[in-house]
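Since we're looking at a predicted model, the values are computed, not measured. When a ligand or atom number is given, it counts from 1 through the structure's own listing order. Nothing fancy with the numbering, it's 1 onward along the sequence.
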Amino acid sequence: MAQNIYILGIESSCDDTAAAILCNGKILSNIVATQKVHEQYGGVVPELASRAHQQNIVPVIHQAISQANIGKKDISAIAFTRGPGLMGSLLVGTSFAKSLAMGLEVPLIEVNHMQAHILAHFIEEESFEKPKFPFLAMTISGGHTQIVRVDDYFSMEVIGETTDDAVGEAFDKSAKILGLPYPGGPLIDKYAQKGNPKAFKFPKPKVPGLNFSFSGFKTAVLYFVQKQVKEDPDFVEKNLEDICASIQYTIVEILKDKLKKAVKETGINQIAIGGGVSANSGIRNALLEAEKNHNWKCFIPKFEYTTDNAAMIAIAGHYKYLKQEFSDFSTTAKARYKI
Ligand code: KG4
Ligand code: ZN
């Protein structure tokens, strides 16, 4: 039998310090330390993020190795997030991955975080079907909004992306306007489930092609709330569920319209989603409906593989390991890093 491939994945691009061990593409451990320090600031503070990564990285990696029940000497290669992300955050993971790979005398593998969100669908899981090439991937989170045509593991093309805010920011900024704590996306989702999605109408931006724009949407929510609160100071409190349902409905419509267009233009009807916003119940329902009504085949990964995690970095590393595509030790973190 061929030798087992053990990949240690390290992720530190934003505000989650994560490490995972995969054996032949199957998860042995998947540890995430989420930084709570940013909540009080209503968003990620880059300087605090890099400091917290420095604090967390050693315990997180230790935990990943011990939970996997392997020894450091078993590790075949170390995969790390080279970018895109916050420079200070990326530097911590990159430097640590290089040093550890050097110490253990194993290959170093750089991974593009956006490719990894997509490759999360290839983590070996018994009950999960994998998409077949070619497919379309929609990556939606607090930092990204992209539609990607995926022809092979590392042959991907971004065919649509946001020109300003990410969709997660549209959720979080709308939530902030309503006085909800950060990150407000999951709260909008929660209240939306009890509200009427047609109660209030928000404009959908007109953006050419497959690109997105959410900054105008956020401003429309702000003006709407300001106007209503002037007339009735308790407006938000009285209508919270309906406002959230209407915001969510509009955001989901925006995403759905672009996906429909992408399917039409490419002739590909397999859709895989990733990123924290793919937890949203409105999006999940819209995709399930599209499976019935438009003959799409949709792939929604487990929640722990959709938000930032290191298992997705490790699976990307696994496929690069199979191709023996290793990085030079002079590689550097890259804040802007295209797919
Ligand atoms: O992937 P992620 O954990 O981190 C990055 O931004 O890379 O995504 C976090 C984003 C936040 O904007 C959060 O509000 C949003 O995902 N989010 C949701 C839901 N769960 C998380 N947005 C809407 N509905 C949800 N259920
Ligand atoms: Zn991400």
Side-chain angles (χ1 to χ4, degrees), residues 9-18 30 32-36 38-39 42-46 49 80-86 89-90 93 111-121 137-146 148 161-162 165-178 180-195 197 214 217-218 221 244-255 273-287 300-313 315-316 335-337 339:
I10 300 175
E11 154 65 28
S12 75
S13 65
C14 189
D15 61 338
D16 294 304
T17 319
N30 188 24
V32 184
T34 302
Q35 304 175 359
K36 295 270 176 233
H38 308 286
E39 274 171 19
V44 177
V45 185
F80 71 99
T81 306
R82 185 180 178 203
L86 301 170
S89 292
L90 291 167
V111 170
N112 179 304
H113 179 91
M114 299 309 299
Q115 287 193 342
H117 265 302
I118 295 168
L119 295 174
H121 287 271
M138 185 170 72
T139 317
I140 41 178
S141 77
H144 353 280
T145 307
Q146 289 189 330
V148 182
E161 64 190 329
T162 183
D165 288 351
V167 60
E169 283 179 287
F171 271 108
D172 295 339
K173 288 179 179 175
S174 302
K176 197 173 175 186
I177 294 166
L178 300 175
L180 299 172
Y182 174 85
L187 292 170
I188 294 213
D189 192 2
K190 185 180 130 194
Y191 293 117
Q193 291 179 37
K194 292 190 190 144
F214 288 102
F217 173 80
K218 167 201 68 192
V221 172
C244 288
S246 304
I247 288 172
Q248 182 160 308
Y249 173 79
T250 313
I251 293 178
V252 173
E253 283 289 301
I254 294 169
L255 297 175
I273 60 168
V277 180
S278 46
N280 183 268
S281 63
I283 290 163
R284 288 178 173 241
N285 291 337
L287 290 179
I300 308 176
K302 273 190 180 169
F303 183 67
E304 59 261 44
Y305 309 150
T306 66
T307 58
D308 285 352
N309 67 85
M312 70 183 196
I313 304 303
I315 192 71
R336 287 167 178 272
Y337 188 13
I339 272 187

Using atom types as modelled and distance alone, determine if a side-chain donor or acceptor of [X] lies under 3.5 Å from a backbone N or O of [Y].
X      : Y      : answer
His121 : Ile273 : yes
Arg284 : Ser278 : yes
Ser89  : Cys14  : yes

Contact check, side chains of Asp189 and Phe171, non-hydrogen atoms, under 4.5 Å: no
For [X] and ligand 1, does the shortest N/O to N/O distance drop below 3.5 Å?
X      : answer
Gly142 : yes
Gly143 : yes
Asn280 : yes
Asp189 : yes

Near the Zn ion (ligand 2), meaning under 2.8 Å, how many protein N/O/S atoms are there? 4
Lys173, NZ atom: more than 12 neighbouring heavy atoms under 6.0 Å: yes
Could you list the atoms of ligand 1 found under 4.0 angstrom from a heavy atom of [X]?
X      : value
Ser141 : 1 (O), 5 (C), 6 (O), 7 (O), 8 (O)
Pro183 : 14 (O)
Gly168 : 12 (O)
His144 : 7 (O)
Thr307 : 1 (O), 3 (O)
Val277 : 15 (C), 16 (O)

With respect to atom 22 (N) of ligand 1, which of Gly275, Gly276, Gly185 exhibits the smallest heavy-atom separation? Gly185
Options Asp172, Ile140, Thr139, Asp308, ranked by nearest heavy atom to atom 11 (C) of ligand 1, top entry: Asp172
For the residue pair Thr81 and Glu11, confirm or rule out a side-chain donor-acceptor distance under 3.5 Å. yes
What protein heavy atom lies closest to atom 19 (C) of ligand 1? Include the residue and the distance to one decimal. Pro186 N, 3.8 Å
